[in-house]
Amino acid sequence: MEWNPETLQFLSQCFLHTLSPQPEPRRAAESSLSEAADRPNYGLAVLRLVAEPSVDEQIRQAAAVNFKNHLRTRWVPSNDLNAGPTFSPILDPEKDQIKTLIVSLMLSSSPRIQSQLSEALAVIGKHDFPKSWPTLLPELISNLQKAAQSSDYASINGILGTANSIFKKFRYQYKTNDLLLDLKYCLDNFAAPLLDIFLKTASLIDSTASSPGGGSPATLQPLFESQRLCCRIFYSLNFQELPEFFEDHMKEWMGEFRKYLTTNYPSLESSGDGLALVDQLRAAVCENISLYMEKNEEEFQGYLNDFASAVWSLLTNVSQSSSRDKLAVTAMKFLTTVSTSVHHTLFASEAVIPQICQSIVIPNVRLRDEDEELFEMNYIEFIRRDMEGSDLDTRRRIACELLKGIATNYKKQVTDIVSIQIQNLLSSFATNPSANWKDKDCAIYLVVSLATKKAGGTLVSTDLVDVQSFFLSVIVPELQSQDVNGFPMLKAGALKFFTTFRGLIQKPVAFQLFPDLVRFLGAESNVVHSYAASCIEKLLLVKDEGGKARYTSADITPCVPVLMNNLFNSLKFPESEENQYIMKCILRVLAVADISSEIAGPCIAGLTSILNEVCKNPRNPIFNHYLFESVAILIRRACERDASLISAFEGSLFPSLQTILANDVTEFLPYAFQLLAQLVELNKPPISPSYMQIFVLLLSPDSWRRSSNVPALVRLLQAFLQKAPNEVNQEGRLNQVLGIFNMLVSSASSDEQGFYVLNTVIENLEYGVISPYMGNIWNVLFMRLQNNRTVKFLKSLVIFMSLFLIKHGATNLVDTMNAVQDNIFLVILEQFWIPNLKLITGAIELKLTAVASTRLICESPVLLDPAAARLWGKMLDSIVTLLSRPEQDRVEEEPEMPDIAENVGYTATFVKLYNAGKKEEDPLTDVKDPKQFLVASLAKLSALTPGRYPQIINENLEPANQAALLQLCGIYNCQIV
């Protein structure tokens, strides 16, 4: 794209129209720009437009945004073939010109355009800096020094913002030699200028703040923003390790840091966003001193006392306003780091812990208006923070983490003080429950948050209170309250306590409250009915010693009709139509309760009604997964108990599943195919016409185009092959099935699925039916073996050959292979079967391949031929390795690179339904122990020609395997003669 007046006019008009409120001109302009973006020098032309002072500011700003996004997609095009459309990359000559222009243009732009160009520059820097852009840092430093001389803080902050963006990589990337070399380059060039501008700005802040009236906010704001950026750069440059320059100049940095934590700036703090800006600087300082506390403790210890005192003092004066949360959280994190370090003695003084508890912890644990608002307006986010532990950056959680940190070394003091605080809070509540309910909530929160979980288990304990008596006196009254809608946050806290300490609450006590939990499912508060559902779900998972479930079907079945009715009704509350906690509870109840036809009918009706609704617009993948799992477990448990329910279930489910297939509801197709597989397997032959229509659809190549559908389609195809083998052999269907096998096995990403199809064909069809196709099957497998063999493919091939031998005999195996090419069987045996047999894993697969390999050496004329003695011995050696050595000693699998090209354009993923899973079937039920089968077969064989096989064993088996075989012979009292 040439830069000329016509280009300027064209681009200006396009960007003007992109701002139009009318959709037609806006879309036309976006389309024109999208086409132009593929032409060389488009990015450069847009950048020149941004630099054109005669063009309207709004148009230039739109161009700057477009330029930034253009670089994001085209500076280094993505290699992720699932990431969407690919774009032609920007060529090197254009890149060089952009890099030459962008810094000076950014610094001369208005603030809004400057921020866009700074982000664009960071995009380039992420890929090119420093190796492919050696002029950037010198240019930034030169401009920084010029701007500093004239105190041009618009330019200074633009440069610091850019430096902050390009240095962030030192925080998040792994420490490698290349990264450390880049870091050294940045430190050598930027550490000194950074300190210079930091100290210069500090001096300006001091002189401005000490002037009459404390200086104007307009003067102070850019100075504080500059210091904040300097602090973030400090964090990036110090993240990997303590640089020598910063160690040498620690006094200057720490002196200023402490000043910002201990000094107030009334004129700025009382203006507009001024307090937020000062707090951002203080929070950045807290993150820096926390970093030094964690990584450079020894060098930092001389400053620690002053900082601990400053942070403590700061925290006692930080208001509860949500705008100050970031500062409060980072400050408490610093004290938490100190409390768990060797310098914890700072907390040893008798008065310190009570003061921290009283002035820092309790105020930050108490509910605020913001918490109540979140509880009412966004229950999902409230639960995510409160129940699921994503509240690591909230005041409530961090205040408790601070207490836990101090308790690491001062457990008794913390326990005693917090126990007293809890009693005080409960006493306050008792004096006026309706006014002081937040005190009780605070007490419950402290007990729950300070509980400790046993490593590797779910059992939670606490030393703060006696759980049983606290539960009876504090929690049970809330749970037995007849008004499920009164004081909902207190009810939620009580339900959370019950859920947390469920393992410690004795069964008779907990079970007595079960009807109350069911009642709370009818609470109007989304959080309360979600917590009630979660509590029931978690109670049903409690295990007693020995792993036995505490609550059984006998316990809950009597109340299941009411429970399920309340669960389904709770899904009708506004905002809870797709409540994942309720659906998970439905799933858990269906997994535990006895499912009679009286329960199954309303449940399948309720679930299909929900399914029909979510089909219109699938939004919540977790809810949807639990929904399909619930349907699957209901089918499995109800129909296995009462086969007469199958037709009723089909009548309810078929319309929903047909809707999914007909409307191509992409997210639900894998689920639909798995449920259909489940229903097919429950049917007795002959298969009904409605299923045969689905079978026809299944055999169409179009159905297999989406990779996310393949595992579920294979699962369904296997069900048809098992239940309708006769129908498979009609109307050319077997040809189509083998075409699908061919397509799947040819690709490394789906070859395992191809073998699942092939193995099911071999298992369920007579040899006479499949023998005409075996030549083609071997040709496909040998071609893949020749072109792209992987460990996974070789293991699958060994399993397939073993299954074929077990089902149709060694002779048919050898003959069908050799019919493709003379004597290829022995080649395959030596090069692939013998070396890969030891890699087989899985109990059924191990037994199958060991027994098949044993039968091969004991029954196949090809291997019993004296000319094949060496191969016979090597095969036996491999069998003994498989059977005698633990898996970790014989399997050294290389992780295989995924074949990315085969997943182009698909972002949907297959999610397996646990409750619709295919039962693993053992094709060798008559063989109980493959080791015994081996030595018994060898003993029988050797008795026919005494003296022959011991010599072959001695010549071909490793000494360790000879010893292992001898041991097996002794165990099973068999002798090889």
N317/S313 under side chain to side chain contact (heavy atoms under 4.5 Å, CB included): CA gap, chis, key distance, verdict
CA-CA 7 Å; N317 293 305; S313 175; 4.0 Å; yes
Starting from the C-alpha separation in whole Å, work towards a yes-or-no answer on side chain to side chain donor-acceptor pair (under 3.5 Å) for N485 and S525.
CA-CA 7 Å; N485 296 317; S525 161; over 6 Å; no
Are T415 and D463 close enough, and set up right, to give a side chain to side chain donor-acceptor pair (under 3.5 Å), and what steps lead you there?
CA-CA 7 Å; T415 302; D463 296 318; 5.2 Å; no
Verify ring-ring contact (aromatic ring centres under 6.0 Å, His included) between F470 and F497, making sure each step is shown before the conclusion.
CA-CA 10 Å; F470 188 89; F497 183 98; 5.3 Å; yes
Derivation and outcome, side chain to side chain contact (heavy atoms under 4.5 Å, CB included), residues C231 and V285:
CA-CA 7 Å; C231 284; V285 167; 4.0 Å; yes
Under the criterion side chain to side chain contact (heavy atoms under 4.5 Å, CB included), I'd like the reasoning laid out for L490 against F429: C-alpha separation, chi angles, the key distance, then a yes or no.
CA-CA 12 Å; L490 207 45; F429 168 77; 4.1 Å; yes
Kindly determine whether R395 and V318 satisfy side chain to side chain contact (heavy atoms under 4.5 Å, CB included), including the steps that lead there.
CA-CA 12 Å; R395 292 194 190 209; V318 171; 3.8 Å; yes
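At a threshold of 4.5 Å between non-hydrogen side-chain atoms, the residues I475 and F501 do not count as touching. Within the 4.5 Å cutoff, no side-chain heavy atoms of F487 are placed close to those of P433. Looking only at side-chain heavy atoms (C-beta outward), T500 and V447 stay at 4.5 Å or farther from each other. Looking at heavy atoms from C-beta onward, L304 lies in side-chain contact with L346 at the 4.5 angstrom threshold. N569 places none of its side-chain heavy atoms less than 4.5 Å from the side chain of L521. Proximity of I362 to L446: side-chain heavy atoms (C-beta onward) are separated by under 4.5 Å at one or more points. When side chains are defined from C-beta on, I360 counts as touching W312, because their heavy atoms get closer than 4.5 Å. Residues L261 and I289 have side chains in contact (heavy-atom distance under 4.5 Å, counting atoms from C-beta outward).
In this structure, the side chain of D273 does not engage the main chain of A276 through any donor-acceptor pair within 3.5 Å. Formation of a donor-acceptor pair under 3.5 Å by the R588 side chain with backbone atoms of L539 is not found in this model. The closest donor-acceptor contact from the side chain of S473 to the backbone of S469 lies under 3.5 Å. In terms of modelled atom types and a separation under 3.5 Å, the side chain of Q421 and the main chain of Q358 share no donor-acceptor contact. For the pair T608 (side chain) and I604 (backbone), a donor-acceptor distance under 3.5 Å is present. Side-chain atoms of S419 come within 3.5 Å of backbone N or O of L464 as a donor-acceptor pair. Counting only distance, with no hydrogens or angles, the side chain of T557 and the backbone of D594 share a donor-acceptor pair below 3.5 Å. Of the possible polar contacts, one joining the T408 side chain to the K404 backbone as a donor-acceptor pair under 3.5 Å is found. Checking side-chain atoms of N364 against main-chain N and O of A399 turns up no donor-acceptor pair under 3.5 Å. Proximity of a side-chain donor or acceptor of K440 to a complementary backbone N or O of V474 within less than 3.5 Å is detected.
In this structure, Q320 places its CD atom where more than 12 heavy-atom neighbours from other residues, nucleotides or ligands lie under 6.0 Å away. Surrounding CD of Q468 are more than 12 heavy atoms belonging to other residues, nucleotides or ligands, all under 6.0 Å away.
Residues forming a salt bridge (charged side-chain N to carboxylate O under 4.0 Å, His left out) with E297 (at least two apart in sequence, or on another chain): none. For the salt bridge (charged side-chain N to carboxylate O under 4.0 Å, His left out) test, no residue two or more places apart in sequence or in another chain qualifies with R637. Shown here are the salt bridge (charged side-chain N to carboxylate O under 4.0 Å, His left out) partners of D466, two or more places apart in sequence or in another chain: there are none. Shown here are the salt bridge (charged side-chain N to carboxylate O under 4.0 Å, His left out) partners of E287, two or more places apart in sequence or in another chain: R232, K326.
Exactly one residue among F234, Y303, F307 makes a ring pair (Phe, Tyr, Trp, His ring centres under 6.0 Å) with F257. That residue is F234.
F239 has its ring centre less than 6.0 Å from the ring centre of Y235.
For the pair K491 and F520, the NZ or CZ position fails the cation-pi test of under 6.0 Å to the six-membered ring centre and within 45 degrees of the ring normal. Under the 6.0 Å distance and 45° angle rule, R396 counts as a cation-pi partner of Y445.
Scanning both residues, L479 and R519, for their nearest heavy atoms gives O-NH2, 3.2 Å. Residue Q221 comes nearest to L268 through the heavy atom pair CG-CD1, 3.6 Å, listed as atom of the first residue, atom of the second, then distance. The shortest non-hydrogen separation linking C585 to A533 is SG-O, 3.4 Å. Nearest heavy atoms, I582 versus L567: CG2-O, 3.5 Å.
The aromatic rings of F573 and H529 lie parallel to each other, with less than 30° between the two planes, well short of the 60° mark. Using cut-offs of 30° and 60° for the angle between ring planes, the Y410 and H344 rings count as perpendicular. Relative orientation of the F334 and F300 rings is perpendicular, given thresholds of 30° and 60° on the angle between their planes.
In this model, a donor atom of one side chain and an acceptor atom of the other lie less than 3.5 Å apart for D386 and Y531. Remark: the N579 side chain and the S530 side chain contain an N/O donor-acceptor pair separated by less than 3.5 Å. A donor atom on one side chain and an acceptor atom on the other are found under 3.5 Å apart for S321 and S323. A donor-acceptor contact closer than 3.5 angstrom links the side chains of Q227 and Y260.
Considering CD of Q580 and CD1 of I622, their distance stands at 4.5 Å, rounded to 0.5 Å. In this structure, K584 NZ and F623 CZ are separated by 14.0 Å, a value rounded to the nearest 0.5 Å. Atom CG of L314 sits about 6.5 Å away from atom SG of C286, to the nearest 0.5 Å. Interatomic distance, N526 CG to F375 CZ, rounded to the nearest 0.5 Å: 8.5 Å. To the nearest 0.5 Å, the span separating CD on E478 from CZ on F471 amounts to 11.5 Å.
Applying the salt bridge (charged side-chain N to carboxylate O under 4.0 Å, His left out) rule to pairs touching residues 418-439 yields R366-D439, E372-K438, sequence neighbours excluded. Counting only residues at least two apart or on different chains, the salt bridge (charged side-chain N to carboxylate O under 4.0 Å, His left out) pairs with a member in residues 565-581 are E578-R619.
In summary, E373 and R368 do not engage in a salt bridge, as defined by a charged side-chain N under 4.0 Å from a carboxylate O.
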